[in-house]
Amino acid sequence: MSALSAVSISIQRRFGRQRLRKILLGSIPFLVMIGVWHANTVFEWLPPVFIPSIGDVWEAIFFLQEDCAGFVPLIMLDNSCLMSTHILSSVGRVILAAIIGLPFGIAFGILAGMNRTVSKFLEPVGVFANSISGIAWIPLAIVWFGVGWVTTLFIMLNTIFWLMFFNSMLGVRSVARVYEQSVLTMGGSRWDVIRQVYLPGAMPSIITGMRMSMGFGWRALIAAEMIGGDSGLGFMIFTSAAEFKIEEVFLGVIVIAVIFMATDRYLLAPLEKWTVERWGLVWKPT
Amino acid sequence: MNAVSAKLVVEGLSHHYPDEYTGESVHALEDINLELYEGELVSVVGPSGCGKSTLLNILAGLLPYKVGTASVDGNIIDGPGPDRGVVFQEHAILPWRTVAKNIGHGLEIRGILKSERDRRVQEFIDLVGLTGFEDKYPHELSGGMKQRCQVARTLCSDPVVMLMDEPFAAVDAQTRITLQEELNRIAQATQKTILFITHSVDEAAFLADRCLVFSARPGQLKEIVEINIPREKRIWADMNNDPDFITARDRILKSVREEVSVAKEE
């Protein structure tokens, strides 16, 4: 047996055939992109002012972080630690917006799902708010709140809340009535029904809502930071482009995507696995 | 009539409801009177649309009623309550709870301590033959096991009356026979007072001490058939040759068929 096939078998044992296939298939487009990108640098189809080399983008991280004098200025979002400051301010806003927007969206969504009066009251204004894309609020938000934290947070909350609201509402409406009835006939209260039936029953929709609202919210944030922010990855991309620092623009774009992919994979996907997949509420892809 | 031991009493119950699509008033039940005594299993059969499910929903407290009275242990029914346990036709155990947590759900709602709860839950898991499946989720169970789990859940809450709404209608024929024999054994072991709604004449005759035949809409109590076969003798292999069973079944069948033809002519 050749050494290569021995390695292949041991890798398959370690990760499992299906998972390995998934990882391999998923990484092919990225490998192609990186290959074309590197080929461009080698063959100079487009000059580095348009597309920087992979090495330049990599070095930009250290350049931006060069003056950073340690851990304290890093977490204090000091301007000497530019890379981490931009990342942390964007991530901080996302976390803040998620902490406020998700629970409120879920709570009002569940309420509207179980109560016709509440849904009649909130649905039209929700459709109205949802039809205005997040970024359309930016000019108004700047007039109201000025450039900075409040504007970016407002834009995100607007996106997160309404998406979460609609998904939770539909989720509650999709729960079979018989679950509610069975809890009531065991002597359960309204509150028992909310906690033990509506919330878990709406979980598939709620998780979809979380994925959507975090995705759209993150995009809205980047746009908001470009126009109405004074820090963050969107701000970094925008100002770097104005100064023709193309490698920093590339870096910013890649970091944005990587952060979102990591959130989805290590936070939202495990949540899905531990709830709705375990309960058999979704079809598992084979 | 012995009012002391009548667990469930229905007097002069009539019910109309608006049709979901046309909005026209549907006359579902007319002047229903019945009494369920302690430890009795009473089945209700009738043509489809005769209001038997409406009756069960009213008794469960899930459907408000205006005309007549219904009471359990002397308490007028005006909403759902733990004194009446319901076994639904659909799979009603919660998919996000394990078998054990589903069965202990009623006790959990009542705030029974975990140690006491676990002991009672295990007792009913063993009774319905789900031993070894305590930590499984419902989607890992077969249709028959889900219904066993539902029966155990209802029994574990120890209701005064157990209401069963065609609980075995959705399982395959072989499983249904097993479940019927098991319910017979459980009824004997627990001495529960049970109202059992079904559209299957065989099932009604096999399980019941008394079988109530409902007329076509509006549902009225048409006939009561007594079945005096001891529970320990009720096994399907023997029943098909048991003269008492055959007599009772044929009488119920004849009575129901008259109503089905009435319903068709309308």
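Quick note on labels: first sequence line is chain A, next is B, and so on, each numbered from 1.
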**Fill in**
Shortest non-hydrogen pair, B:Ala92 vs A:Val178, comes out as CB-CG2, 3.6 Å
**Fill in**
Of all heavy-atom pairs linking A:Thr185 and B:Ala60, the shortest is CG2-O, 4.1 Å
Please identify, among [options], the residue contributing the most non-hydrogen atom pairs under 4.5 Å to chain A.
options	result
B:Gln150, B:Glu140, B:Arg153	B:Arg153
B:Val86, B:Thr154, B:Thr98, B:Asp83	B:Val86
B:Gly106, B:Pro159, B:Pro95	B:Pro95
B:Glu90, B:Arg84, B:His105, B:Gln89	B:His105
B:Val87, B:Ile109, B:Leu107	B:Ile109

**Prompt:** Where on B:Leu163 is there a heavy atom nearer than 4.5 Å to chain A: the side chain, the backbone, both, or neither?
**Reply:** neither
**Request:** Please look at A:Val183 and chain B and tell me whether the side chain, the backbone, both or neither of the residue comes under 4.5 angstrom of a heavy atom of that chain.
**Result:** both
**Request:** Answer yes or no: is there a donor N or O on one side and an acceptor on the other, between the side chain of B:His139 and the main chain of A:Arg278, under 3.5 Å?
**Result:** yes
**Message:** For A:Gln196, is there any backbone N or O sitting under 3.5 Å from a side-chain donor or acceptor partner on B:Trp96?
**Reply:** yes
Count the heavy atoms of every other residue, nucleotide or ligand shown that sit under 6.0 Å from [atom1] of [X], and state whether that count exceeds 12.
X	atom1	result
B:Phe133	CZ	no
B:Arg110	CZ	yes
A:Phe108	CZ	no
A:Arg195	CZ	yes

Can you tell me how far apart [atom1] ([X]) and [atom2] ([Y]) are? Round to the nearest 0.5 Å.
X	Y	atom1	atom2	value
A:Arg177	B:Phe88	CZ	CZ	10.5 Å
A:Glu180	B:Leu62	CD	CG	9.0 Å
B:Arg97	A:Tyr179	CZ	OH	13.5 Å

**Request:** Could you tell me which of A:Pro200, A:Gly201, A:Gly187 has the largest number of non-hydrogen atom pairs under 4.5 Å with chain B?
**Result:** A:Pro200
